[in-house]
Amino acid sequence: MPTIRPLIALAAAALPLAACSTTNNYNYAEEPGRDALVTGGEDALRQSGKAKNVILFIGDGMGISTITAARIYEGQKRGESGEENTLSFEAFPNVALVKTYNTNAQVPDSAGTATAMHSGKKTRIGVLGIGPEAQRGSCRDALAHPLPLLGEEVKERGLALGIVSTARITHATPASVYARSADRDWEGNVPEAEAQHGCKDIATQLIEADWDVALGGGTAVFFGGDRGGRRPDSAADLPAEWAARTGGTVVRDAAGLTAAPVDKPVLGIFSPSHMTYVVDRAEDSSEPTLTGMTAQAIERLERDPDGFYLMVESGRIDHAHHAGKAGYALEETVEFARAIRYAVENTDPAETLILVTADHSHVFTIAGYPRRGNDILGLVVPPAGESGSDEEPIIAGDGTPYTTLGYANGPGAIAGLAERPVPETGIEAQQQATVPLGSETHAGEDVALYATGPGANRARGVIEQNVIYEIIREALF
């Protein structure tokens, strides 16, 4: 196990982040003073920028407004006002802005964005590991236009490979590491008309791929009806097939994961669909946390003397936003930051490039002139002396108070109501929204990329999302 040398930047959260330039050139000369933000990895950063290991953390749907609100929320959980708080990855010395559009969509989905990060090419909305020339849903097109897969490259070069997600392990973001599919929804079944051309569902591609650690949810797409799943073959048991082929261990709970041999591959599938939200977890939950899965993945992958690539996704940030439940999204983000802190404190900064980003944003807002330290999940109360009452919430033009957090669209919409109700507040509240939709949508603005370790200096300026793939490859290979 490498020597544990935490970054000074994480301990000294108050240190300023390095400013982003406006250039797209991510191969740049070091700037004066930049090295002072890190320790242990200075030589690697100044020289080749080569890393033995790379960890890419993807907060699904974690736009900048989500990061800001989660920063405040985490601080307020400790009894602070919150605004001065810093999430673990916000102390990383290198930052860039990332353009997330798909080739056919201004506002993207997770399949197209994750493909950009794991293939080096932007593509259509809704497809995985295939080029933009391919039509969604066409197996023939998918077979004719394959893209490189970072997961395949990693294994071909003899490195260890890990995939961790709180979503289904066959969901768009984790699937982008190992799968090519004409439709992200082909997780457990390909329509018969398309399957006849030779395309395989995503779960089958996972068990046929070469990797060392895969942890997440989604048992239903791996089993047939005889075992509680929904595969067309009622007797299907893909995990058993994988274990027989690889000699690996299949685990279904946190205890099983901890007990599994560290010198063999491990497949952990911990829930029928996505894993349980942090807010809804029972104290005696058998599911591992995101931090727990990250810790297990690092412990196993670092045994490879040639190094490793690990992708860790906090998938349920996105799902909470779609439901219009900001508190759920912020709690997932805080756990995500905890997992990142663990990774930084338990890897060698001279050998490990850690990247933190989002695949896309959400139409999630922070507004209303609340006082410093105002409950981030509460009603807007103004700063002292700014209204007739220092303790009462601000009343909107319709005679009703409003919350700091809200959505531009989604299930909490107030449009069409005869009278806007007093908003819900607290961790389980559904925030009010403007345009009525059954599910809140993604947003199209840039997301952030934070980087530390060898090769982190390439993360700067405003970049296309597929450049993240190049940053990883230039550091790792």
Would you list the pairs meeting side chain to side chain donor-acceptor pair (under 3.5 Å) in which at least one residue belongs to residues 218-235, sequence neighbours left out? Asp201-Arg231, Thr204-Arg231, Arg227-Asp237

Listed by chain and number, what are the side chain to side chain contact (heavy atoms under 4.5 Å, CB included) partners of Glu133, not counting sequence neighbours? His145

With a 4.5 Å limit on heavy-atom distance, are the side chains of Asn466 and Lys121 in contact? no

Please check if atom CZ in Arg140 has more than 12 non-hydrogen atoms from other residues, nucleotides or ligands closer than 6.0 Å. no

Say whether, by atom type as modelled, one donor and one acceptor occur between the side chain of Asp60 and the main chain of Asp318 under 3.5 angstrom. no

Lys/Arg-Asp/Glu bridge criterion (N-O < 4.0 Å) met for Arg78, Glu74: yes

Ignoring hydrogens and angles, state whether a donor on the side chain of Thr86 or Arg71 is under 3.5 Å from an acceptor on the partner side chain. no

Criterion salt bridge (charged side-chain N to carboxylate O under 4.0 Å, His left out) on Glu335 and Arg316, from CA distance to verdict: CA-CA 11 Å; Glu335 172 62 19; Arg316 308 232 64 189; over 6 Å; no

Does a side-chain N-to-carboxylate-O contact under 4.0 Å join Glu152 and Arg180? yes

Is the ring pair His321/Phe364 parallel, tilted or perpendicular, if the boundaries are 30 and 60 degrees? tilted

Looking only at atom types and distance, does a side-chain atom of Asp212 sit under 3.5 Å from a main-chain N or O of Gly162, one as donor and one as acceptor? no

Side-chain ion pair, Glu345 and Arg341, N-O less than 4.0 Å: yes

Under the side chain to side chain contact (heavy atoms under 4.5 Å, CB included) test against Val213, which residue among Arg300, Glu299, Gln296 passes? Arg300

Considering only residues two or more places apart or on different chains, which pairs with a residue in residues 168-223 satisfy disulfide (SG to SG under 2.5 Å)? Cys139-Cys199

Backbone N/O of Ile130 and side chain of Thr123: donor-acceptor pair under 3.5 Å: yes

Any donor-acceptor pair under 3.5 Å linking the side-chain atoms of His442 with those of Asp109? no

Looking only at atom types and distance, does a side-chain atom of Ser285 sit under 3.5 Å from a main-chain N or O of Ala282, one as donor and one as acceptor? no

The side chain to side chain contact (heavy atoms under 4.5 Å, CB included) partners of Ser361 (sequence neighbours excluded) come to Ala443, Glu445, Val447

Sequence neighbours left out, what passes ring pair (Phe, Tyr, Trp, His ring centres under 6.0 Å) with His274? Give chain and number order. His171, His319

Would Gln465 and Tyr101 count as having a side-chain donor-acceptor pair, cut-off 3.5 Å? no

Tell me every residue that passes ring pair (Phe, Tyr, Trp, His ring centres under 6.0 Å) with Tyr73, counting only those two or more places apart in sequence or in another chain. none

Report, as yes or no, whether the 6.0 Å neighbourhood of atom CD on Gln196 holds more than 12 heavy atoms from other residues, nucleotides or ligands. yes

For Lys155, look at atom NZ and say whether over 12 heavy atoms of other residues, nucleotides or ligands are found less than 6.0 Å away. yes

